[in-house]
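Please read the structure below before turning to the comments.
What you see below is based on every heavy atom in this structure, not just the backbone, and it leaves out hydrogens, waters and symmetry mates. Quick caveat: nothing in here was measured; it's all calculated off a predicted structure. In the text below, chain A, chain B and the rest are named by the order of the sequence lines, each starting its count at 1.
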Amino acid sequence: MSSDVSAPDAAAPDYKNTLFLPQTDFPMRAGLPKREPEWLARWEAMGLYRRLRETAADRPKFELHDGPPYANGHLHIGHALNKILKDFVVRSRQMLGHDSRYVPGWDCHGLPIEWKIEEQFRARGQDKDAVPVNELRAQCRAFAAEWVDVQREEFKRLGIGGDWENPYLTMDFAAEATIASEFMAFVMNGSLYKGSKPVMWSPVEQTALAEAEVEYHERQSPTIWVRFRPVTLSVDQRTSPDWRPGDLAGADVVIWTTTPWTIPQNRAVCFNPGLSYGLYGVTEAAEDNWARTGETFLLADKLAADVFAQARVGGYERLRGVAATELEALVCAHPLRGVEGGAGEWDYDVPLLPGDHVTDEAGTGFVHTAPSHGLDDYEIGQRFKLEMTHNVGPDGAFRADLPLFGGLGVLDAKGKEGKANAAVIEKLQEAGALMARGRLKHSYPHSWRSKAPLIYRNTPQWFIAIDRPLDDGHGEHGATIRERALKSINELVAFTPPAGQNRLRAMIAQRPDWVVSRQRAWGVPLTCFVNRETGELLRDPEVNARVAAAFREEGADAWFAEGAKARFLGNAYDPEAWDQVRDILDVWFDSGSTHAFALRDRGGQWPADVYLEGSDQHRGWFHSSLLQGCGTRGRAPYKAVVTHGFTLDQNGEKMSKSKGNVVAPEKVVQEYGADILRLWVATADYTDDQRLGPDILKAAADGYRRLRNGFRYMLGALDGFDAAERVATAEMPELERWVLHRLAELDAEVRAAYGAYAFQRAYAALFNFVTGDLSAFYFDVRKDALYCDAPDSLRRRACRTVMDALFARLTTWFAPMLVFTMEEVWLSRFPGEDASVHLETFPETPADWRDDALAARMAQLRRVRRVGLGALEVERREKRIGAALEAAPVIHVADAALRETAASADMAELLIASGATVTDAPAPAGAFTLPEVPGVAVVAALAEGAKCARCWRVLRDVGRHAHPETCERCDAALA
RNA sequence: GGGUGUGUAGCUCAGGUGGUUAGAGCGUACGCCUGAUAAGCGUAAGGUCGGAGGUUCGAGUCCUCCCACACCCA
């Protein structure tokens, strides 16, 4: 099996204990689930967060402002991803040399918690409306507080560092006071007004419903095609080349709707300027048909055929195309204009308005618009100042004094079809305004409690005007909230990934005014008063100050306490003359205000350096904070916005309980440890959606083990390292200088990546370095020197000097990501009660480590090395060698420059062979080559001589030294 | 239905302004070592670059359409 040369004498001395093998107590297996809690306890005991603040007190501040999660339920993977990314940011900034505090927050008010409490009431048979509001609020508060505690522990377990003792809660009294104050700023600057907006309304329960309370079921609705007759034509039309006198005046604009009861509330007809429309004439129809021969209609071209089929028209022709400019100029009569018994109710004009929401997928290409009964309708109404109607009451019935339809219900008390639709259809038919009718089964909103159908109905609400110029002294970036917000997005905020900018801009550019009122109980009230006579808002700084002061002491409950109105109005106002608003602020106003009480009120940086949330928050927190900040401070409360995608299962599908593919962070922590979850975050491109599942976690754990062993090896190699061993860079072998060069490169890469929130880039660079450059190359090559060289050998000392530099950098560079493991690594080298890798900063890297010429040379050598390794591999396959030390390859290099490079290096060392020869002799046939390394051929000859019993190299001088069966180096090392 | 994105080996990701046989790491298979050993080293296999058209001498990279997935909205 083995040749004579390599077989050690049976009686050879055992030199193993004369070697300097790696020594470390650092365990190969991590046991993270068990050990991580120990590190957490240690950090808590040593007051790590406080110490971080102390050591960094005079550094420049970096402020990541935490978006508050909702205090309801256990953490899911999205929470974990978000907070881990934040932790990467906070820790990396700290180690880059900032004072990077982190104040975690919670969103505590709002509907979901209120529901839970209502549910508890119902379970006890109590009527929630009979419970005093402050009792309900107290229970909501207790409920939120409980979940804050639960979530806090769950976050801490993930290794998230922060001021967990002093988080901010939106329900803190101080926060409630600030939220109210911020709201009152909108009262004072004139942007708050009372308006009316359609909401999902349940006539059965007589209440508004939030989107989450709505479910969709199939329902059959009547459908009608209604004619709107133009009454006015503008001058523009006559300049159109297609103009024919009166051809549009006599044509009917046709709309289609599934809610005939909304026709009495019609205020406009919308069309889409991007669609193609035509003027159509009926050429053939039955005598008694609603659409008769000779009549003309305006329709979207794509839908005309459908409409005529529905209208039972046998033949029709397209007379001409109609331009958007012509449509825009049309004004129609309401179809019930002049109807008998209408009492002039509908004798108003109905304009044609452009709207992007109109499509030619279904209907007629014209959309009936009732601003009180639909969101698109409402927005169009806002834009074109259409009148809101108040024809439908809370019970879903027309107001009693509405002509023709007074008292008729859209739905009856049990949610069944009422009489309104039929009555409206009948009147339209009488008026000759119907072109066709039918029935349609479609998905329709229902209440998830009563299962009864819902309607859109306008209700009075409070709004913040976002296009009203504010004279508030914050006009540097624009006069209105929208202008300031757009300026912020365009010029003042950096977006990661860049697409976020467009997304937010599009939303801000086209959003309507902000509805801030909710008819709820658990939240901060709209702390304002309305004059009973005039409807005027009370604007008195003294009243506002009293409210804020009371909230600070007693919380927002003060607003609902006995005698609150008189208390806040004080002596200057007659309580009888003023109404106290009892609506609750939209929770988005709460969270939009966090920058005020979590940053401004707590000595933080304003604006924050960064907000980091899921991409859904473009509509949520980024959005509300932006509006709020622009309204009270004149700009975005952040300088940068970082967004992450969503976590899907490992097949790229959404996680859901029913699919059973949910990965709970708690489970990952129990099975693998938090560092594995954190490592997964570090490997994923968080800007897009990420995948997570058992296989992916396993892969993360594999990567972790590889890294861990790399650190373990460094620890072993550095055993007993003393500063006196250090070697100056200039005196190091080129292999060591090359490692330092790589460190210099990595230093720049890692800092840049962390600075750009590119954690994946940082991690990948580091991981590839550890596995590719260290484990597979440097460590492997240097084993011989490390184990066998005498302790005072320059080569070994240089190696340990470099190991020390590696250790200092790799531990700190990885520390923001692998918080537990890097602490473990650090402490196994530098134990001490006060020690922690997290108190370190990234070490400075000496400029002279960088050596691009050396890097180029090493790249050449590694190419030659690959050919050598390939040659050895062939020998192994042929069973001629096992270990590389049995070989002494001959390297034939054709190119003189490359040959010079190879000859001047220790190729035997790089190949971990016992010898190597570089020659210009032509390569013999059969020499090993690689196509990608032309001009290099290797013959993997066996090493000649005997195997040194200590270092296992096969050398000619073995056996000629004082210590039996040793080589010269080992003999000297033993002396 | 609309808006915003994404889609490169089993997995995680690279692939400025279009240009030789599309790369890396992990995993897998095979082999070596047995002085990092429930570790370490090496070699190999593995890709219709979501699909279809188009522009071009030439497209993973540009254009159009389509498909899938996700988020937001309706």
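The stretch residues 775-785 of chain A comes close to RNA chain B through A/Ser775, A/Ala776, A/Phe779, A/Asp780, A/Lys783, each having a heavy atom under 4.0 Å from the strand. If you check residues 677-685 of chain A against RNA chain B, the residues with a heavy atom closer than 4.0 Å are A/Thr683, A/Ala684, A/Asp685, listed by number.
Ring centroid separation for the pair A/Phe759 and A/Phe88 comes in under the 6.0 Å cut-off.
Side-chain polar atoms of A/Asp586 and A/Trp514 form a donor-acceptor pair below 3.5 angstrom. Side-chain contact check for A/Asn458 and A/His373: no donor-acceptor pair (N or O, by modelled atom type) lies under 3.5 Å.
Counting only Watson-Crick and G-U wobble pairs whose two key distances fall under 3.5 Å, RNA chain B forms stems of three or more stacked pairs at B:1-7 with B:67-73, B:10-13 with B:23-26, B:28-32 with B:40-44, B:50-54 with B:62-66.
Remark: A/Tyr611 engages A/His65, A/Trp621, A/Tyr638 in a ring-ring contact (aromatic ring centres under 6.0 Å, His included) (not counting sequence neighbours).
Rounded to a whole Å, the CZ atom of A/Arg950 is 15 Å from the P atom of B/rG35. Rounded to whole Å, atom P of B/rC13 lies 9 Å from atom CZ of A/Arg691.
Within the structure, side-chain hydrogen bond (donor to acceptor under 3.5 Å, both in side chains) pairs that include any residue of residues 760-772 of chain A do not occur (at least two apart or interchain).
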Using the 3.5 Å cut-off, write out each protein N or O paired with an N or O of nucleotides 4-10 of chain B and the distance between them.
{"from": "B/rU6", "atom 1": "O2'", "to": "A/Asp688", "atom 2": "OD2", "distance (Å)": "2.8"}

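A salt bridge is absent between A/Asp616 and A/Arg619; no separation between the charged side-chain nitrogens and carboxylate oxygens falls under 4.0 Å.
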